[in-house]
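Data first, discussion second: the structure below is written as structure tokens.
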Amino acid sequence: MSAHPMLSPSQTTRFRRKLLEWFRANKRDLPWRKQKDWYPVYLAEIILQQTTVEQGLPYYRAFIRRFPHVSALAAADLQEVLKLWQGLGYYARARNMHKAAGILTDRYGGCFPQDYKQALALPGIGPYTAAAILSQAFNRVHAVVDGNVSRVITRLLALEDDIRRADTQKRIQHVAGLLISRKYPGDFNEAMMELGALVCTPRAPLCASCPVSRYCRARDLGKAAQIPYKSPAVPKRRQYHLVMIRERENRILLRQGNDHGLLAGMWGFPVRVVSGKELEQPGKIEQMAPDGLHTKKISPPMRHVYSHIDLKYRVVWLEERPENRDDDKKNLWLARHELEHYPIHKAHLKALHWLDQQMKEAD
DNA sequence: AATACGGGGTT
DNA sequence: AACCCAGTATT
């Protein structure tokens with residue numbers, strides 16, 4: 001490993017002690033911290049991937065209530081798991097979690113493997129999550145590196161390398177391994193993340209109330225707010241959709257999306273891809289209705305931003321004549337209240353909300 | 001090494 | 001509007 005500035009052994013010891021002391025006095029009271037069972041920790045770690053504690057908390061409560069043990073999760077239908085996950089995003093997490101629950105139940109007898117390599121082999125578990133679960137639930141010494149830890153360590157050592165680069169991440173992981181407490185690896189990991197979430201924040205770090213600011217090189221240099229450096233993200237591509245809500249005899253057509261890729265396994269309404277120019281012309285849109293369908297109303301432009309797509313869309317409310325039933329496995333004509341039982345992705349939940357408003361106004 | 005993969009909150 | 005978040009899987 002190439003040379004980088006590092007705390008001396010005695011500084012490292014004092015850093016650890018200060019951090020752990022601060023953590024025990026200031027940690028948030030979170031439900032998965034109440035016991036040392038691996039399952040609550042596992043559930044929380046999957047939910048919290050790329051997700052803030054505040055956003056994930058209600059989902060955690062719903063899941064732990066409905067699936068108190070991993071065997072219950074394994075026994076559930078994937079559709080029910082996705083329904084509970086609805087609105088949280090990154091739906092592959094739910095699919096992988098369901099698959100992993102099956103493996104843990106069938107192959108590991110309902111226990112979590114304490115070996116790092118075996119943990120890493122489970123679907124949905126990468127280096128961060130494996131280290132988090134093994135350290136918190138089994139007191140194994142594996143340092144976690146997440147967004148918080150990256151920020152804390154780059155500031156601590158005043159590392160100005162691009163945090164997106166793999167070699168930078170590798171150095172951070174190495175430093176985390178040097179810093180971690182051998183006696184309390186779980187608490188240390190949580191403490192680093194808690195510090196990043198509550199004190200060593202991205203924009204305006206609260207150095208004045210930081211328990212380890214005296215060990216922080218960036219703070220020393222007055223650079224804390226400028227570190228870490230992150231190269232610019234690639235711009236999102238723009239997309240334009242017509243979201244068709246088709247109504248027939250008080251029923252609405254709902255469709256299940258692809259099995260992989262964006263929003264895998266989730267339900268929504270039929271979509272027609274258009275150009276940005278076409279989306280601006282309601283008159284043209286009205287004529288785009290499939291044969292024999294009457295356009296009842298067109299929504300104003302709406303926007304939904306995905307991780308890599310900037311979507312602009314309008315909802316088109318269509319009315320059609322009664323016909324023979326043409327339901328199949330992935331196309332269902334449902335009463336409004338039946339839609340509540342299906343996992344529907346956010347952009348189309350917003351479309352549905354618009355429809356509800358229109359129906360209410362029509363009364 | 002780069003890209004795909006959601007949704008909400010902050011500045 | 002840009003950036004961030006208890007990241008992982010695929011290519």
Side-chain angles (χ1 to χ4, degrees), chain A residues 23 27-28 30 32-33 40-60 82 85-97 99-100 119-133 135-136 142-152 162-170 172-173 176 186 188-198 200-205 225 228-238 257-258 260-266 268 303-311 343-350:
Chain A
F23 177 64
K27 66 178 174 182
R28 289 169 287 184
L30 299 170
W32 51 89
R33 287 178 173 164
V41 174
Y42 166 74
L43 202 48
E45 290 302 340
I46 301 297
I47 288 173
L48 293 177
Q49 287 169 4
Q50 292 290 282
T51 302
T52 58
V53 168
E54 304 79 69
Q55 190 188 0
L57 202 42
Y59 286 86
Y60 173 85
L82 286 173
W85 202 274
Q86 173 179 281
L88 193 56
Y90 282 158
Y91 297 97
R93 287 184 292 172
R95 303 168 70 86
N96 284 331
M97 184 174 77
K99 194 185 294 180
L120 209 53
L122 290 164
I125 295 193
Y128 163 80
T129 308
I133 296 171
S135 65
Q136 288 173 48
H142 295 279
V144 301
V145 175
D146 72 331
N148 292 304
V149 175
S150 290
R151 190 168 57 251
V152 170
D162 183 357
I163 203 171
R164 281 189 203 277
R165 293 179 55 95
D167 57 345
T168 306
Q169 283 303 311
K170 194 157 179 158
I172 294 169
Q173 181 73 61
F188 177 88
N189 281 336
E190 285 200 89
M192 289 286 278
M193 296 190 282
E194 197 84 333
L195 188 73
L198 301 181
C200 197
T201 52
R203 305 299 182 81
Y229 167 72
K230 195 170 190 178
S231 53
V234 298
K236 299 179 195 296
R237 68 172 183 270
R238 294 173 172 285
N258 293 348
H260 31 255
L262 188 63
L263 308 171
M266 299 297 283
R303 190 169 179 228
H304 191 79
V305 181
Y306 295 99
S307 45
H308 59 302
I309 295 169
D310 190 343
L311 177 68
I344 300 174
H345 58 88
K346 203 73 178 185
H348 289 194
L349 282 177
K350 289 196 273 188

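Numbered from 1 within each chain, the chains take letters A, B, ... in sequence-line order.
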Problem - Arg95(A): salt bridge (Lys or Arg N to Asp or Glu O under 4.0 Å) partners, not counting sequence neighbours - result: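 Here the qualifying residues are Asp259(A).
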Taking [atom1] from [X] and [atom2] from [N], how many angstroms apart are they, rounded to a whole number?
{"X": "Gln50(A)", "N": "dC5(C)", "atom1": "CD", "atom2": "C1'", "answer": "6 Å"}
{"X": "Asn96(A)", "N": "dG7(C)", "atom1": "CG", "atom2": "P", "answer": "16 Å"}
{"X": "Glu190(A)", "N": "dA6(C)", "atom1": "CD", "atom2": "C1'", "answer": "9 Å"}

Who passes side-chain hydrogen bond (donor to acceptor under 3.5 Å, both in side chains) against [X], sequence neighbours left out?
{"X": "His142(A)", "value": "none"}
{"X": "Gln49(A)", "value": "Thr129(A)"}
{"X": "Asn148(A)", "value": "Asp146(A), Arg151(A)"}

Handout entry: Spacing of the P atoms in dT8(C) and dG8(B) (rounded, Å)
Key =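 Taking atom P in both dG8(B) and dT8(C), they lie 22 Å apart.
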Handout entry: Gap in Å between the two P atoms, one belonging to dA6(C) and one to dA4(B), rounded
Key =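 These two P atoms come out 24 Å apart once rounded.
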Exercise for the section: Using the heavy-atom set of chain A and a strict 4.0 Å cut-off, write down the first and last nucleotide of DNA chain B that makes it in, 5' to 3'. Expected result: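 In short, chain A contacts DNA chain B from dA1(B) to dT11(B).
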Apply side-chain contact (heavy atoms from CB on, under 4.5 Å) to [X] and list each qualifying residue two or more places apart in sequence or on a separate chain.
{"X": "Ala191(A)", "result": "Leu19(A), Phe23(A)"}
{"X": "Lys99(A)", "result": "Pro123(A)"}
{"X": "Arg165(A)", "result": "Asp162(A), Asp167(A), Thr168(A)"}
{"X": "Tyr60(A)", "result": "Pro31(A), Trp32(A), Pro40(A), Leu43(A), Ala44(A), Ile47(A), Ile64(A)"}

Exercise for the section: Identify the heavy atoms of Ala130(A) and Ile125(A) that sit nearest to each other, and give their distance. Expected result: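 Of all heavy-atom pairs spanning Ala130(A) and Ile125(A), the closest is N-CG2, 3.6 Å.
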Exercise for the section: Give a yes/no answer on whether the side chain of Thr129(A) brings an N or O atom under 4.0 Å of OP1 or OP2 in dT8(C). Expected result: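 Checking Thr129(A) against dT8(C): at least one side-chain N or O falls below 4.0 Å of OP1 or OP2.
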Protein-nucleotides 1-4 of chain C N/O pairs closer than 3.5 Å?
residue, atom, partner, partner atom, Å
dC3(C), O4', Arg203(A), NH2, 3.2

Exercise for the section: Kindly state which residues belonging to residues 42-49 of chain A come within less than 4.0 angstrom of DNA chain C, counting heavy atoms of the residue only, listed by number. Expected result: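 Glu45(A), Leu48(A), Gln49(A) - these, ordered by number, are the residues of the stretch whose heavy atoms sit under 4.0 Å from the strand.
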Problem - Under the ring pair (Phe, Tyr, Trp, His ring centres under 6.0 Å) test, residues paired with Tyr306(A) that sit two or more places apart - result: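 Listed in chain order: His304(A).
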